Amino acid sequence: MLDPQLLRNELEQTAAKLAHRGYQLDVAAWQALEQSRKAVQLETEALQNKRTTISKSIGQAKGRGEDVQPLLDEVAAIGQSLDESKEQLKTILAQMDEVILFTPNLADDSVPLGKDEDDNVEVRVWGEPQTYDFDVKDHVELGEHNKGLDAESAANLSGSRFTLLTGEMAQLHRALAQFMLDKHTQSHGYKEFYVPYLVNAQTMQGSGQLPKFADDAFITEDERYLIPTAEVPLTNLVADTIIDEAELPIKMTAHTPCFRREAGSYGKDTKGMIRQHQFEKVEMVQIVHPDKSFEALEEMTGHAEAILQDLGLPYRVIVLCTGDMGFSATKTYDLEVWVPAQNTYREISSVSNCVDFQSRRMKARFRSPEVKKPQLVHTLNGSGLAVGRTLIAVLENYQQADGSVLVPEVLQKYMAGKTVINLASA
RNA sequence: GGAGAGUUGGCCGAGCGGCUGAAGGCGCUCCCCUGCUAAGGGAGUAUGGGUCAAAAGCCCAUCGAGGGUUCAAAUCCCUCACUCUCCGCCA
């Protein structure tokens, strides 16, 4: 949620910045709302004050044993207009909420202007894509041996966009998640969490998934939502709290399944396990002092990169342009890993600084000894990494001519020492 | 699933129609006193919003959430959420 003061004092500039993100704020309509809000709120509060004052004097008069009828007559007149005024104010505030809850965060000034993913800017490249002296197979082919990766069975069980992993493939998948968690907790200073996978509507709103993206989430009969990312429960842990400044930064990580409807993605990435309704992810979340959030963004991006580097997977870092960023973010880096079969880089991680956008929605604040008032924290989140996509990257980048796959060294201890998996011979 | 008890400020806890944004205690901050330590005395200490160029001031809201009764609700009524205890069921 944007700072309401921005929409009051710098409306034109704010609208211009929102336009960069492809969001048109109806400035005139907003101004009209704001004007009536002010008028109606003032009137409501004045009436309220008047009534309270008289009510108190009724109490006092009664205490002295005086006749209170004149006062009762006086207050009777207030009732109706107060009710009307309150109702009016409620309507106006609801309309304003409607606008503000659907308005995305502002992009940081350092973010390149642009319309869509074609305008994203490459920041750096790490590693050298390997050349193969044989025809490279994609992860689907590599996984099909002995049904290590079985889309058909998954489809029978659940429908499209699900995957079943078996044997060494499932083991490798687990190894990846284990490795990532260990790295973040042991080397990067994150605390590990096990979180609920079902959350309520308020939690989804706190991190920005609701109300705008209701169609992207699975909802249960009792109106809970399957988490689309561990960012949702982790970030909301500080909802409605006032943290001691000394406790910042808070660094959290969790390995969870993620559930997404993928409502708008018909026909995209239908082959293999690139885009699924259910996938695993190790997520990083940081709650930081507002002065430190951009620093933390770089650090977190580095934490995600470290996983890819340890796995020896070539990747590049791009900064998303204004038009391609997510709703809550003010700046986002994507990590894209090399996918040999597609001869291109594909997104494997997204690291965002949301500044105070989520914390304002969640009322997540901190108190510092110098400042009397509680201040909003800044929140960041990043994948470290998407496990399924990392599995794909490992399979394809470590494949050999015979269809076997070498196990990256850092994973071997999670694979009972195996150095190669050969599903065909399993 | 059944029965009961609860939810008040950073924490504990009183209040059960008006003088209560809320006693008292703990904690914290500042001051005084005390040659250390311990103890003592005094003052202060919720959050959000509005008004304002801003501050001060003033106003409004908030005692789990939402609604209702009333001139007036932390206090009465209804609905919901959560916590705890006992019973049942269960990985």
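Every heavy atom of this structure was used, including side-chain atoms; hydrogens, water molecules and symmetry mates were not. None of these values were measured; they are calculated from a predicted model.
Remark: P of B/rA65 and NZ of A/Lys363 are 12 Å apart, rounded to the nearest angstrom. Look at CD on A/Glu34: it is 11 Å from C1' on B/rG50, rounded to the nearest Å. In this structure, A/Glu43 atom CD and B/rG50 atom P are separated by 18 Å, rounded to whole Å. Between the CG atom of A/Asp240 and the P atom of B/rA46 there is a distance of 18 Å, rounded to whole Å. Following rounding to the nearest Å, A/Glu245 (CD) and B/rC28 (P) show an atom-to-atom distance of 19 Å. One can place CD of A/Glu45 at 11 Å from P of B/rC59, the figure rounded to the nearest angstrom. Taking atom CD1 of A/Ile242 as the reference point, atom C1' of B/rC11 lies 14 Å away to the nearest angstrom. Nucleotide B/rG67 holds its C1' atom 14 Å from the CG atom of A/Asp83, rounded to whole Å.
For A/Gln5, the CD atom sits in a packed shell: over 12 heavy atoms of surrounding residues, nucleotides or ligands are nearer than 6.0 Å. Heavy-atom contacts from other residues, nucleotides or ligands closer than 6.0 Å to CZ of A/Arg346 number more than 12. Heavy-atom contacts from other residues, nucleotides or ligands closer than 6.0 Å to CD of A/Glu409 number 12 or fewer.
In the set B/rG49, B/rC71, B/rG48, the nucleotide with an atom closest to the side chain of A/Lys373 is B/rG48. Nearest to the side-chain atoms of A/Ser55 among the listed nucleotides B/rG18, B/rG48, B/rG49 stands B/rG18. Of the candidates B/rG21, B/rC71, B/rG48, the closest approach to any side-chain atom of A/Lys62 belongs to B/rC71. Ranking B/rG50, B/rC71, B/rU47 by closeness to the A/Gln41 side chain, first place goes to B/rG50. Residue A/Asn49 places its side chain closer to B/rC60 than to any other of B/rC60, B/rG49, B/rU51.
The pair A/Lys183-A/Asp310 meets the salt-bridge criterion, since a charged nitrogen lies less than 4.0 angstrom from a carboxylate oxygen.
Applying the 4.0 Å criterion to OP1 and OP2 of B/rA73, one finds that A/Lys56 has every side-chain N and O outside that range. Under 4.0 angstrom from either OP1 or OP2 of B/rC60 there lies no side-chain N or O belonging to A/Lys86. Between A/Lys90 and the phosphate of B/rG67, there is a side-chain N or O to OP1/OP2 separation shorter than 4.0 Å. Residue A/Arg365 places no side-chain N or O under 4.0 Å from the OP1 or OP2 atom of B/rU47. Within the structure, every side-chain polar atom (N or O) of A/Arg367 is placed at least 4.0 Å from both OP1 and OP2 of B/rG10. Close to B/rA61, at under 4.0 Å from its OP1 or OP2, lies a side-chain N or O of A/Gln48.
Of the N and O atoms on the side chains of A/Gln209 and A/Tyr225, not one donor lies less than 3.5 Å from an acceptor on the other residue.
Base pairing analysis places B/rA46 opposite B/rU62; the two distances defining the Watson-Crick or G-U wobble pair are each below 3.5 Å. Taking a pair to require two hydrogen-bonding distances under 3.5 Å in either a Watson-Crick or a G-U wobble arrangement, B/rG57 pairs with B/rU51. Using N1 to N3 plus N6-O4 or O6-N4 for Watson-Crick, or N1-O2 and O6-N3 for G-U wobble, each under 3.5 Å, B/rC11 pairs with B/rG25. Pairing for B/rA74 is absent, with no Watson-Crick or G-U wobble pair whose two atom distances lie under 3.5 Å. Under the Watson-Crick and G-U wobble criteria, each requiring two contacts below 3.5 Å, nucleotide B/rG40 is paired to B/rC32. For B/rA3, the paired nucleotide is B/rU85, the pair qualifying as Watson-Crick or G-U wobble because both relevant distances are below 3.5 Å.
When the nearest nucleotides of RNA chain B are assigned to A/Leu72 and A/Thr44 by heavy-atom distance, the more 5′-ward of the two goes with A/Thr44.
Nucleotides B/rA23 and B/rG13, compared at atom C1', are 10 Å apart to the nearest Å. When the C1' atom is compared between B/rC58 and B/rC71, the two are found 24 Å apart, to the nearest whole Å. Straight-line distance between the C1' atoms of B/rU62 and B/rG21: roughly 9 Å, to the nearest whole Å. B/rU75 and B/rC19 are spaced 15 Å apart, taking the C1' atom of each and rounding to whole Å. Separating the C1' atom of B/rG49 from that of B/rC87 is a span of 48 Å, rounded to the nearest Å. On the P atoms, B/rA74 is 10 Å away from B/rA61, given to the nearest whole Å. If you take atom P in B/rU51 and the same atom in B/rA56, they sit 15 Å apart, rounded to whole Å. Distance noted for atom C1' between B/rC28 and B/rA46: 14 Å (whole Å).
Within 4.0 Å (heavy atoms only), A/Arg37 reaches sugar-phosphate atoms of the nucleic acid but no base atom. Counting non-hydrogen atoms under 4.0 angstrom, A/Pro374 reaches the backbone sugars and phosphates but no base.
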Exercise for the section: Walk me through it: do A/His378 and A/Ser293 pass the test side-chain hydrogen bond (donor to acceptor under 3.5 Å, both in side chains)? Expected result: CA-CA 6 Å; A/His378 280 191; A/Ser293 64; 2.8 Å; yes
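A/Met415 and A/Val407 get closest at one heavy-atom pair: CG-CG1, 4.1 Å.
Ring geometry, A/His188 versus A/Tyr190: the interplanar angle exceeds 60°, so the pair is classed perpendicular (tilted spans 30 to 60°). Using cut-offs of 30° and 60° for the angle between ring planes, the A/Phe259 and A/Phe218 rings count as perpendicular.
Taking the ring centroids of A/Tyr23 and A/Phe102, they lie at or beyond the 6.0 Å cut-off.
The stretch residues 219-228 of chain A has no heavy atom under 4.0 Å from RNA chain B, so no residue of it qualifies as close.
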